Amino acid sequence: MKCAIVTGGSRGIGRAICIKLAEEKNYHLLINYASNETAAKETLAKVEELGATGEILKFDVGNTEETQTILTEWQEKNPDAVVEVIVNNAGITRDGLFMWMQKEDWNTVINTSLDGFFNVTNFFIQKLLRNKYGRIINMVSVSGVKGTAGQTNYSAAKGALVGATKALAQEVAKRNVTVNAVAPGFIKTDMTQDFNEEELKAMIPANRFGEAEEVADLVAFLASRKSSYITGEVININGGIYS
Ligand SMILES: NC(=O)c1ccc[n+]([C@@H]2O[C@H](COP(=O)([O-])OP(=O)(O)OC[C@H]3O[C@@H](n4cnc5c(N)ncnc54)[C@H](OP(=O)(O)O)[C@@H]3O)[C@@H](O)[C@H]2O)c1
């Protein structure tokens with residue numbers, strides 16, 4: 001059984017990625033989420049409607065012990081399962097000006113994106129290398145590339161993940177494991193639901209927010225065999241915002 005794991009697969013961009021990968025039917029989908037079980041079940045139902053298979057794995061990607069416990073249990077129950085694709089998509093924002101930022105909001109944002117990448121990717125990396133094939137896709141952000149005022153914590157988390165992407169890509173390229181980052185601009189999801197698109201679209205050359213499905217199309221390409229000679233890249237998907 002060949003598998004793809006999508007962290008934060010219950011809602012938003014992660015859900016769109018699960019659905020896109022389900023359409024292609026190459027992988028059994030491991031849909032991770034943190035707390036919204038209803039949403040995770042909806043994603044799984046959509047995956048199954050498309051004739052693909054999947055299952056839900058609840059764990060906080062930022063919690064090393066919990067991640068290892070759940071993934072170890074899953075691997076023991078499924079000894080023949082091979083994870084080929086890892087989409088490190090789980091991420092949160094806790095926005096605010098740096099001068100008023102609480103340490104808690106700094107820690108939790110960095111923990112989810114950066115430790116989340118470590119915890120999930122590190123669990124599988126030796127297996128990918130032994131298997132001599134893998135696709136690792138890290139969801140970063142325009143904020144991690146150009147920096148965004150009010151998001152020092154988030155920009156730091158995503159910028160660090162860009163560095164990790166480039167470094168790991170060089171370590172594992174010989175074994176046909178690629179590591180790339182996808183950097184969306186403003187995408188319509190719960191994360192941006194309070195943003196005023198009418199006001200903000202003035203700074204986007206395409207004059208609109210993006211759809212989660214548009215990001216999912218790019219991720220599906222990077223997750224496929226067609227992207228074999230692309231690694232260590234950060235691919236912007238932001239309607240033309242200069243970054
Ligand atoms: N939307 C944008 O404009 C935008 C732009 C650039 C980058 N991004 C990035 O794209 C990714 C997805 O964003 P989104 O807009 O789809 O966000 P979203 O709609 O808020 O969904 C976030 C997803 O991440 C999961 N999650 C959050 N913390 C988690 C944790 N500790 N462990 C496991 N899962 C966790 C959530 O699970 P629950 O359902 O259980 O809460 C949910 O599935 C994030 O990394 C975000 O930073 C988004």
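If you read the sequence from its start, that first residue is 1, and numbering goes on from there. It should be emphasised that the depicted structure is a prediction, and the values quoted were computed from it without experimental measurement. In each ligand, atom 1 is the first atom listed, and ligand 1 is the first ligand listed.
At a threshold of 4.5 Å between non-hydrogen side-chain atoms, the residues Leu128 and Val172 do not count as touching. Proximity of Val61 to Phe117: side-chain heavy atoms (C-beta onward) are nowhere separated by under 4.5 Å. The shortest distance between side-chain heavy atoms of Ile92 and Val109 falls below 4.5 Å. The shortest distance between side-chain heavy atoms of Val215 and Met139 falls below 4.5 Å.
With a heavy-atom cut-off of 4.0 Å, Phe209 does not touch ligand 1 at all. Contacts with ligand 1 closer than 4.0 Å are made by heavy atoms of both the backbone and the side chain of Ile187. Here Lys158 has side-chain heavy atoms under 4.0 Å from ligand 1, and that is the only part of it that gets that close. Contact annotation for Thr112 and ligand 1: only side-chain heavy atoms (C-beta onward) come within less than 4.0 Å of the ligand. Contact annotation for Thr192 and ligand 1: only side-chain heavy atoms (C-beta onward) come within less than 4.0 Å of the ligand. Residue contacts with ligand 1 for Ala39 are absent, since no atom lies close enough (heavy atoms, distance under 4.0 Å). Of the heavy atoms in Val140, only backbone atoms (N, CA, C, O) come closer than 4.0 Å to ligand 1.
Of the protein's non-hydrogen atoms, the one nearest atom 29 (C) of ligand 1 is Ala34 CB, 3.7 Å. For atom 47 (O) of ligand 1, the closest heavy atom belonging to the protein is Tyr154 OH, 2.5 Å. Looking from atom 10 (O) of ligand 1 to the surrounding protein, the closest heavy atom is Met139 CG, 3.2 Å. Scanning the protein for heavy atoms near atom 40 (O) of ligand 1, the closest one is Ser35 N, 2.6 Å. At the top of the distance list for atom 14 (P) of ligand 1, counting protein heavy atoms only, stands Thr189 OG1, 3.6 Å. When hydrogens are left out, the protein atom nearest atom 18 (P) of ligand 1 is Arg11 NH1, 4.0 Å; that is the closest non-hydrogen contact. The single protein non-hydrogen atom nearest to atom 37 (O) of ligand 1 is Ser10 OG, 3.3 Å, given as residue, atom name and distance. Of the protein's heavy atoms, Asp60 OD1, 2.8 Å lies nearest to atom 31 (N) of ligand 1.
For ligand 1 and Phe59, the ligand atoms under 4.0 Å from any heavy atom of the residue are 32 (N), 33 (C). Under a 4.0 Å criterion applied to the non-hydrogen atoms of Asp190, ligand 1 contributes the atoms 19 (O). When each atom of ligand 1 is checked for a heavy atom of Asn32 under 4.0 Å away, the hits are 33 (C), 34 (N). For ligand 1, the atoms sitting less than 4.0 Å from at least one non-hydrogen atom of Ile92 are 27 (C), 28 (N), numbered in the order shown with element in parentheses. The distance from ligand 1 to the heavy atoms of Tyr33 drops below 4.0 Å at these ligand atoms: 33 (C), 34 (N), 40 (O). For ligand 1 and Gly12, the ligand atoms under 4.0 Å from any heavy atom of the residue are 16 (O), 19 (O). Close contacts of ligand 1 with Phe186, meaning ligand atoms under 4.0 Å from a residue heavy atom, involve 3 (O).
Comment: Glu104 does not engage Arg94 in a salt bridge, judged by the lack of any side-chain N to carboxylate O separation of less than 4.0 angstrom. Salt-bridge check for Glu211 with Lys188: passed, with a basic side-chain N closer than 4.0 Å to an acidic carboxylate O. Note on Lys20 versus Glu24: no salt bridge recorded, every NZ/NE/NH1/NH2 to OD/OE distance being 4.0 Å or above.
No more than 12 heavy atoms of other residues, nucleotides or ligands sit less than 6.0 Å from atom CD of Gln126. Residue Glu23 places its CD atom among more than 12 non-hydrogen atoms of other residues, nucleotides or ligands, all under 6.0 Å distant. Within 6.0 Å of OH in Tyr133 there are more than 12 heavy atoms belonging to other residues, nucleotides or ligands.
For the pair Asn89 and ligand 1, the shortest N or O to N or O distance falls below 3.5 Å.
Just one of Val162, Thr165, Asn180 meets the side chain to side chain contact (heavy atoms under 4.5 Å, CB included) condition when paired with Val234; it is Val162.
Note that the NE2 atom of His28 and the CE atom of Met1 stand 4.5 Å from one another [nearest 0.5 Å]. A distance of 14.0 Å separates CD1 in Ile5 from CD in Glu84, rounded to the nearest 0.5 Å.
At least one heavy atom of Gly185 sits closer than 4.0 Å to an atom of ligand 1. Within the 4.0 Å heavy-atom shell around ligand 1 one does not find Val215.
Nearest residue to atom 24 (O) of ligand 1 from Ala16, Pro184, Gly8 is Gly8 (criterion: closest heavy atom). The residue from Val142, Val182, Ile13 that puts a heavy atom closest to atom 16 (O) of ligand 1 is Ile13.
Taking the ring axis of Phe123 as reference, the NZ or CZ atom of Lys127 stays within 45° of it and closer than 6.0 Å to the ring centre.
At least one donor-acceptor pair under 3.5 Å links the side chain of Asn89 to the backbone N or O of Thr7.
Ring geometry, Phe209 versus Phe195: the interplanar angle exceeds 60°, so the pair is classed perpendicular (tilted spans 30 to 60°).
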